[in-house]
Trainee: 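I'd like to ask you about the structure that follows.
Naming: A, B, ... by sequence-line order, numbering from 1 per chain.
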Amino acid sequence: MPELPEVEVSRQLLLPLVRGRRIERIVHQDPKRYKDTDRAAGQRIHDLRRRGKFLIFDLDRGHLVVHFGMSGGFRFAPTPHTRAVLELEDRRLYFHDPRRFGYLRWVARPEAVPLLATMGPEPLSEAFTPAYLRRVLAGRRRPIKSALLDQRLVAGLGNIYSDEALFKARIHPLTPAGALGPRRIARLHGAIREVLTRAIAAGGSTLADKSYLRPDARPGYFQIEHAVYGREGQPCPVCATPIARVRVAGRSSYFCPRCQRAGGRLASK
DNA sequence: AACGTACCCTGCCGGC
DNA sequence: TGCCGGCAGGGTACGT
């Protein structure tokens, strides 16, 4: 499913193709889900930015805000699940959204999207520091996995990359966020950056269900490097203990029960 | 306030 | 073999 790396890879691929181009019109049949898209017609694209898992087309007036949901993405060719078509002056972009969890909307200001107005710092920016993480996790009782999925704390992490970062930092997903000491938070901070950076370089993750493909329909390759995500019962790449799965905040969480010990500061010692 | 849970939607998988 | 319930999960709305 598209998370920060997949959206960033799409952005990098699309940017040189859309910058300076005019959107002639946007065609779709789901006005409840894809809102005010007529307002984008006739406008030129000045930039294509990413914020968390959102893509933002900066137009002459306003912005076209796009979210891939859990199965969406832009494609250069139509698919059986094309839900909208962006007709540019020299090419068409097809919005592929099989499960219809995606989001496509024109807004005057990005902050008009509630989540964009409250979104936490970009994990690969300088604003995301170990001190910031310590501050927002302090005193919280919620499981660290749940906190990492909260876009208001950190932007762009989803189920795959939060599990992979927790594994790399050797932190159990159910650990209360406030029980993490500075050393483990520093490790987590580094792990988040490393996992995301490597995933972007690998073109993102494409799972067996192909819920994410790049616009040119090529897959990403980071799934080869997944240590725990989707690998229940398979040996941990570090210690060969079978990977376990627990449910946290309604989501499956994969972890190594030996490398990622349960409990807080004391238990980790 | 801080947290968990049901829901949206569709494709796919396992069980019978 | 074929049907079908259950699961997957971004974000949101609502309950506790």
Trainee: What does nucleotides 3-10 of chain C look like as a protein-contact string, B for base, S for sugar-phosphate only, - for none, at under 4.0 angstrom between heavy atoms?
Mentor: -----BBB
Trainee: Is any side-chain nitrogen or oxygen of A:His81 closer than 4.0 Å to OP1 or OP2 of B:dC9?
Mentor: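 Result: no.
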Trainee: Do we see a donor-acceptor contact under 3.5 Å between the side chains of A:Arg152 and A:Thr118?
Mentor: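 Short answer, no.
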Trainee: Protein-nucleotides 1-3 of chain B N/O pairs closer than 3.5 Å?
Mentor:
unit_1	atom_1	unit_2	atom_2	d
B:dC3	OP1	A:Arg141	N	2.8
B:dC3	OP1	A:Arg142	N	2.9
B:dC3	OP2	A:Arg140	NH1	3.2

Trainee: Are a donor atom and an acceptor atom from the side chains of A:Tyr161 and A:Glu6 found within less than 3.5 Å of each other?
Mentor: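 Per modelled atom types, A:Tyr161 and A:Glu6 side chains form a pair under 3.5 Å.
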Trainee: In whole Å, I'd like the distance from the CD atom of A:Gln29 to the P atom of B:dC9.
Mentor: 16 Å
Trainee: How does DNA chain C look in dot-bracket form if you count Watson-Crick and G-U pairs under 3.5 Å, write [ ] for pairs that cross, and put | where a base pairs with another strand?
Mentor: .|||||||||||||||
Trainee: Distance check needed: C:dG11 P versus A:Leu116 CG, whole Å only.
Mentor: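 Distance, rounded to whole Å: 10 Å.
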Trainee: Is it the case that A:Thr79 and A:Arg75 place a side-chain donor and acceptor less than 3.5 Å from each other?
Mentor: no
Trainee: Would you kindly give the CZ-to-P distance between A:Arg33 and C:dG11, to the nearest whole Å?
Mentor: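 Computing the A:Arg33:CZ to C:dG11:P distance gives 14 Å.
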Trainee: Do A:Ile171 and A:Gln260 have side chains that approach each other closer than 4.5 Å (heavy atoms only, starting at C-beta)?
Mentor: no
Trainee: Hey, is CD on A:Glu89 packed in by over 12 heavy atoms from elsewhere, all under 6.0 Å?
Mentor: yes
